[in-house]
Q: 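Dropping the structure in here first, questions after.
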Amino acid sequence: QQVGTLTAETHPALPWQKCTTSGGCVTQSSGKVVLDSNWRWLHSTSGSTNCYTGNSWDATLCPDGVTCAANCALDGADYAGTYGITASGNALTLKFVTSSAQKNIGSRVYLMASDTSYQMFKLLNQEFTFDVDVSNLPCGLNGALYFSQMDADGGLAKYPGNKAGAKYGTGYCDSQCPRDIKFINGVANSVGWNPSSADVNAGSGQFGTCCNEMDIWEANNNAAALTPHPCTVGAQSRCDSTANDACGTTSRYNSVCDPDGCDFNSFRMGNTTFYGAGKTVDTTKKFTVVTQFITNDGTATGTLKEIRRIYVQNGVVIQNSNVNVPGMSSSYNSITDQYCLDQKAAFGDTTSFQDKGALEGISKGFATGMVLVLSVWDDHAVNMLWLDSDYPTTADPSSPGVARGSCATTSGVPTDIEVSEANASVTYSNIKFGDIGSTFASTG
Ligand code: IDC
């Protein structure tokens, strides 16, 4: 994919802090964010003819994937006006629906180290902390902050067809091996593109793009999940849906990644009074989310053995809720391989987390480096019910693992909430990363 020059690309600044036990926190003022390429205007290199409109490709400009990548350019973004993405100080707000000349739904941005490369995070034996305001983010929406193992340059060096790179937000991948990505490995995903029947802006192509994914935060004001998703591949990796269901389209578990993950959602794990409006972690107000990546030997060269969660609100440190599920030890309040085994057994879930390498699998991605992703999205597949309602909807909600939040099973329908909750938004702020214990304090 080429670079278009009709709109200048100006990355919004998002300073963050790097912290050490000995030296305290130092502001990284070079931090900025970039909008994923899928949201951008894609037009002919020679002018302004759309290469992609709604959910289909222009057959003349895009007779095949390679020609399409040569003919089509990604352009700069009007972050605030078109996409509802605004940065102020150390805070980033993502608005759900923005109605300008064209209506935009949701967004996904990546943290950059420079204008041409993503910031790489090596998470082992480190701690990641941020503040979040989900008070304006209701049922069916997902304000997500997570890490994906993308290439630092968005694949620019590896793939000659990709001339845009990280500057234009290319190279996305995650553990769902998404096939709605318009360019993968420098080639358009236009061949065999199937416009979505549910989403006027999306479709899916022959290829998908897979990689390790660490979901630090997938949440709204009703429910929150912390979820590692390992893959058997150690870098961004293209899958071909026409070869042995390699993207996991027919059967969810056929890809190289674990699409379910091993989740810790306090409500699902049996504490229904911990997270939500007026609860222990009160989602009507801003709070701090701390995530610690503990290794077996307490060094950055060890292997991931535990993912811990702590909250801070009003200056008070709040330990994560403990598990309260029949058949599971109530001593668990973090993610370990044993927790995952016990949870899958107690809920009768598949063992795809274990099959795709468990914590040791994702640990390899953490050692190599991961890209920070911030997004807001709604769910055209299952209305986000897997996060905040009873799921599967046909299962007995009193059976362990089915209830994940108190949202109605009828909630989260995109065509409903894109109208009724158009003004929803999420604000992430005060990002800190560094030594365990160095990024937060109790002030109360
Ligand atoms: C969740 C994943 C999440 C993904 C979502 C939709 O954790 O990252 O976006 O699926 O694909 C299930 C569901 C499965 C859930 C998983 C955890 O089938 O969709 O994964 N789970 O909630 N049943 C039991 C557990």
Side-chain angles (χ1 to χ4, degrees), residues 106 108 139-149 172-181 196 198-199 202 204 208-220 222-231 247-255 257-270 275 307 323 325 328 335 339-356 358 361-362 370 373-397 399-405 407 409 411-414:
R108 185 165 70 222
C139 295
L141 284 166
N142 187 333
L145 182 152
Y146 58 106
F147 287 100
S148 272
Q149 197 183 357
Y172 184 69
C173 53
D174 69 30
S175 62
Q176 309 296 322
C177 299
R179 288 173 52 201
D180 65 345
I181 305 299
S196 166
D199 186 342
S204 65
T209 179
C210 315
C211 64
N212 282 305
E213 175 184 351
M214 176 66 228
D215 293 335
I216 299 234
W217 189 248
E218 290 200 277
N220 54 37
N222 188 275
L226 165 70
T227 316
H229 294 263
C231 302
C247 301
T249 307
T250 307
S251 166
R252 191 169 162 83
Y253 305 107
N254 279 346
S255 79
C257 293
D258 162 28
D260 287 2
C262 170
D263 57 308
F264 200 111
N265 165 335
S266 292
F267 194 104
R268 189 175 189 226
M269 299 319 297
Y275 181 88
I307 303 169
V323 167
V325 169
M328 288 185 76
I335 295 174
Y339 160 87
C340 297
L341 280 170
D342 292 357
Q343 190 230 33
K344 300 292 178 189
F347 293 167
D349 288 345
T350 71
T351 56
S352 83
F353 175 78
Q354 287 76 13
D355 302 342
K356 298 294 156 60
I362 203 166
M370 311 272 284
V373 185
L374 303 124
S375 77
V376 66
W377 58 287
D378 62 353
D379 182 356
H380 289 269
V382 290
N383 304 346
M384 222 66 84
L385 303 176
W386 59 272
L387 175 68
D388 61 20
S389 185
D390 299 330
Y391 191 80
T393 52
T394 50
D396 176 358
S399 142
V402 174
R404 297 121 191 276
C407 298
T409 53
S411 70
V413 178

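Just so you know, ligand 1 is whichever comes first in the structure, and atom 1 is the first atom listed for that ligand. We're numbering straight along the sequence, starting at 1.
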Q: Which residue supplies the protein heavy atom nearest to atom 7 (O) of ligand 1, what is that atom called, and how far is it?
A: D260 O, 2.7 Å
Q: Hey, mind stepping through V325 and F347 against side-chain contact (heavy atoms from CB on, under 4.5 Å) and telling me if it holds?
A: CA-CA 9 Å; V325 169; F347 293 167; 3.6 Å; yes
Q: Backbone or side chain, does any N or O of W377 fall under 3.5 Å from an N or O of ligand 1?
A: no
Q: Answer with side chain, backbone, both or neither: which part of P259 has a heavy atom less than 4.0 angstrom from an atom of ligand 1?
A: backbone
Q: Quick one: which of R252, M384, E213 has a heavy atom closest to atom 20 (O) of ligand 1?
A: R252
Q: Quick one, M214 and V373 - any side-chain contact, counting heavy atoms below 4.5 Å?
A: no
Q: Check each atom of ligand 1 against the heavy atoms of D349 and keep those under 4.0 Å away; list them by number with element.
A: 24 (C), 25 (C)
Q: Run the numbers for me: atoms of ligand 1, each under 4.0 Å from some heavy atom of E218, listed by number.
A: 8 (O)
Q: Got the closest protein heavy atom to atom 9 (O) of ligand 1, with its distance?
A: W386 CZ2, 3.6 Å
Q: Give the residue and atom name of whichever protein heavy atom lies nearest to atom 4 (C) of ligand 1, and the separation in Å to one decimal.
A: Q176 NE2, 3.5 Å
Q: Report yes if the side chains of V323 and F264 come closer than 4.5 Å at any heavy-atom pair, otherwise no.
A: yes
Q: Got a donor-acceptor contact below 3.5 angstrom from the R404 side chain to the L387 backbone?
A: no
Q: With side chains defined as the heavy atoms from C-beta onward, is the minimum distance between Y146 and E213 less than 4.5 Å?
A: yes
Q: Show which atoms of ligand 1 fall inside a sub-4.0 Å distance from at least one heavy-atom site of H229.
A: 2 (C), 7 (O), 8 (O)
Q: Short N/O distance, under 3.5 Å, between R404 and ligand 1?
A: yes
Q: Could you go through W386 and D379, starting from their C-alpha distance and side-chain angles, then the distance that decides it, and tell me whether this counts as side-chain hydrogen bond (donor to acceptor under 3.5 Å, both in side chains)?
A: CA-CA 10 Å; W386 59 272; D379 182 356; 3.1 Å; yes
Q: Between the side chains of K344 and D258, is the shortest nitrogen-to-carboxylate-oxygen separation below 4.0 Å, so that they form an ion pair?
A: no
Q: List every atom of ligand 1 that sits less than 4.0 Å from any heavy atom of D215, numbering the atoms from 1 in the order shown and giving each element.
A: 8 (O)
Q: Between ligand 1 and Y391, is the shortest N or O to N or O distance under 3.5 Å?
A: no
Q: Is the SG of C139 found under 2.5 Å away from the SG of C407?
A: yes
